[in-house]
Amino acid sequence: MTAKPARTLVTSALPYANGPIHIGHIAGAYLPADLYVRYLRARKRDVVWVCGSDEHGAAITLRARKEGTTPRAIVDRYHAEMQEAFSGLDIAFDHYDRTSSEEHHGFAQEFFLELLEKGAFTEETRKQFYDPQEKQFLADRYIQGTCPKCQDERAYGDQCEKCGSALSPDELIDPKSTLSGSTPEMRDTTLWYLPMDRHESWLKTYLEDGVLDGEQHHDPKSWKAHVTGQCKSWVDGGLQSRAMTRDLDWGVPVPVEGADGKVLYVWLDAPLGYITATRNWAKKNGADWAPYWKDKDTQLVHFIGKDNIVFHCIIFPILLKEHGGYLLPHNVPANEFMNLEGDKISTSRNWAVWAKEYIDDFPGRSDEMRYVLASIMPEQKDAEFTWEDFQSRVNNELADVLGNFVNRVVVLTSKYFDGKAPSASGTWTSTDEALRELMASTPAAVGDAIERYRFRDALQHAMGLVRAGNKYLTEEEPWKVMKTDAQRTADILSLALQITANAAIVLAPFLPRTSEKIATALGTSDLPWDAAGGDLVPTGQPLGALPILFEKVTDEQVEVQRAKLGPDASQEGLRDVETEKPETSFDDFQAMDLRVAEVVAAEKVKGADKLLQLTVRTGYDERTVVSGIAEHFKPEDVVGRKVTLLANLAPRKIRGVVSQGMVLMASTEDGGLRFVTPDEGAEAGDIIR
RNA sequence: GGCGAGGUAGCUCAGCUGGUUAGAGCGCAGGAUUCAUAAUCCUGAGGUCGAGAGUUCAAGUCUCUCUCUCGCUACCA
């Protein structure tokens, strides 16, 4: 593993195409990958970085239905929007693809079939209802009919809500599809499962020892603790079979006869998108994709957020290994989450800094955001972004330390040496030597940190060189020395210029635009990483014009940004809510028996985080109701409250406790819960109608 | 509930296999300086390393218990 890989394939988690990109995404899976890849490119290593939009899955069809449009329209919109967001922050993929493309469908189907032939899946054939009109198999809850026990006409395929009996769809009398209303047919259907338990043994060795097929594959110690920790907990806990297909009409169709209305599970489909993207990259560039996924000298690295660990470290490796011939990841440097101004980032609550909005508000200032995110990247624990911190880092570190240093050097040089790099005498003081040593060692220090996925550390090392430059100028005082010793002044400024040129190289992954500006002014553009460490600016080099590198962020700008957080005022009253359910009848409403009840006792249900066991008084009895509100209310908070009770709901055993009814709750926009409380004066037992 | 990862200076975070007086940046206090974007540099104050117990010559670093935060997962809405 110490040997340099012949080539590296880098992937970033495919962003899900049903919402815009925010800084949490950027800091999690895209900026670190971008830094890593820019570094490798600067070292002239063979590296390809692919990504793309993940455009399948139930969430997208639901969103389309909600907005009254098609899934295609949704993914087209976000595919374009996400690409804009990435390029705004100079996130420079080699190829950005999408999973709804023909190429991807073709490849994913081919891959699935090969796995099928190899016996990677277990098949379960059973009879299931099929809607000929909608051309898909129906999940149990999409079928309604008459309950064989109580004759209620609105029983679902899995349960009759009226009498509470558990049903199977074929027991229903006169079943109907809830999608089209048509009568479904019984058809044979096959479900494909990935039996992950078969793979526990080699996975354990792979994850714990980094050994695969009897060979050392990677150094497990180089993986982050939270990544190996979570993987081991999964494997040790025993892996379950997982269905690899879904009954949906939006996705990669299962390429098997009779599997109409079935698509590949998104977690089978999406990671294969990495391979499709690599193939399409190769096609575009006249290259061969295969070595990037199949050659043993290739290093495969997945950049993701912590919520994706299991899929990338367990499920996808199983699929790749079962297929055979493909490489398994050498590292999965998952980041933790980014919080914002003391709260979790939330798309629905608009508690986020949107990449696109940032670029609109701070045009041309992508380096600033890249710098701040790299400084606070959630590498081993959740991190916190605040606009005040953003301001302070941009102003103090970028503008004052880096921008001002570069400016000092340029101004002094133009003042004393006519804007040309002065000629150094070649004899150095001990102070000079110490600084030259730091200059020589910095590229390796930065590079090592990057190769260990420690980007914050790397940035610290790079900035350390700039800080040392400031210290050097202040201590050597060339503006004083110039009065007595022009050659010494030349030596000082010459070294300061070399420091500047070196800083431009080691900072380039983080600050591509700024580094380019500096390098252009010093005439050191296009130097590879390996040139750094020594003298780069040739004597006599005329310095180009160098504008102010960083503007300060004002208090007003901070205020404006903070005010943007949270629900949009102009959208008030227009909540992003579920569409109304289909019209119902008065009789159906009458079927529900709603009553005022009073909570007389409450306790947590053992072994469940979300459940409270409530004892409620209805005025004519006392009964037990299990309610999933424990995360929002403590038992003592609810005792004595008047609540709205659905009294005639079929009893149901929940976590071992029989629940006789349901307490009605309003769910708030931010995901909270509120009791539906009757007005003052209502008493337990009052009927609601 | 099970599992995983975190809880270190006012703030944001380092501290890699246990080993000298626990570090950085910002902020704060004092000073130096003026080439520079009122920028820079130096010095200092500030921490019972979440709580408690244990192993060890030695623990932020290992073990156990408890507690808080985040994630995965189960039960639910």
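Predicted model, so just to flag it, every value in this text is computed and none were measured. When reading the values below, keep in mind they use all heavy atoms of this one structure, side chains included, and skip hydrogens, waters and symmetry mates. Every chain is numbered from 1, with letters handed out A, B, ... down the list of sequences.
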What are the residues of residues 370-379 of chain A, sorted by number, that bring a heavy atom to within less than 4.0 Å of RNA chain B?
A:I376
For nucleotides 25-27 of chain B, print each protein N/O atom paired with a nucleotide N/O atom at under 3.5 Å, atom names and distance only.
from: B:G25; atom 1: O2'; to: A:E397; atom 2: OE2; distance (Å): 3.1
from: B:C26; atom 1: O3'; to: A:N396; atom 2: ND2; distance (Å): 3.0

Looking only at atom types and distance, does a side-chain atom of A:E200 sit under 3.5 Å from a main-chain N or O of A:V235, one as donor and one as acceptor?
no
Output yes when a side-chain donor or acceptor of A:N395 lies under 3.5 Å from a complementary backbone atom of A:V553, and no otherwise.
yes
Consecutive-pair stems (at least three Watson-Crick or G-U pairs, under 3.5 Å) that include RNA chain B:
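Listed by first number, the stems are B:1-7 with B:67-73, B:10-13 with B:23-26, B:28-32 with B:40-44, B:50-54 with B:62-66.
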Verify side chain to side chain contact (heavy atoms under 4.5 Å, CB included) between A:L664 and A:L594, making sure each step is shown before the conclusion.
CA-CA 9 Å; A:L664 269 47; A:L594 294 167; 3.8 Å; yes
Dump every N/O contact between nucleotides 75-77 of chain B and the protein below 3.5 Å, one line per pair.
from: B:C75; atom 1: O4'; to: A:R655; atom 2: NH1; distance (Å): 3.2
from: B:C75; atom 1: N4; to: A:K610; atom 2: NZ; distance (Å): 3.2

Could you state the CG-C1' distance from A:D400 to B:A38, rounded to the nearest angstrom?
9 Å
Looking at B:U73, I'd like to know if its phosphate oxygens (OP1 or OP2) sit under 4.0 Å from a side-chain N or O belonging to A:Q240.
no
Is A:R452 near enough to B:A14 that one of its side-chain N or O atoms lies under 4.0 angstrom from OP1 or OP2?
no
Any N/O pairs under 3.5 Å between the protein and nucleotides 42-44 of chain B? List them or say none.
from: B:C42; atom 1: OP1; to: A:K471; atom 2: NZ; distance (Å): 3.0

If you measure from the Lys or Arg side-chain nitrogens to the Asp or Glu carboxylate oxygens, is any gap between A:D382 and A:K344 under 4.0 Å?
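Between A:K344 and A:D382 there is no salt bridge, as every charged N stays at least 4.0 Å from the carboxylate O atoms.
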Using a heavy-atom cut-off of under 4.0 Å over every strand shown, decide if A:K480 touches base, sugar-phosphate, or nothing.
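The residue A:K480 makes sugar-phosphate contact but no base contact.
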Tabulate protein N/O versus nucleotide N/O from nucleotides 63-66 of chain B, keeping only pairs under 3.5 Å, one per line.
none

With a 3.5 Å cut-off and heavy atoms only, can you find an N or O donor on one side and an acceptor on the other between the side chain of A:N404 and the base of B:A36?
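Side chain to base: pair present.
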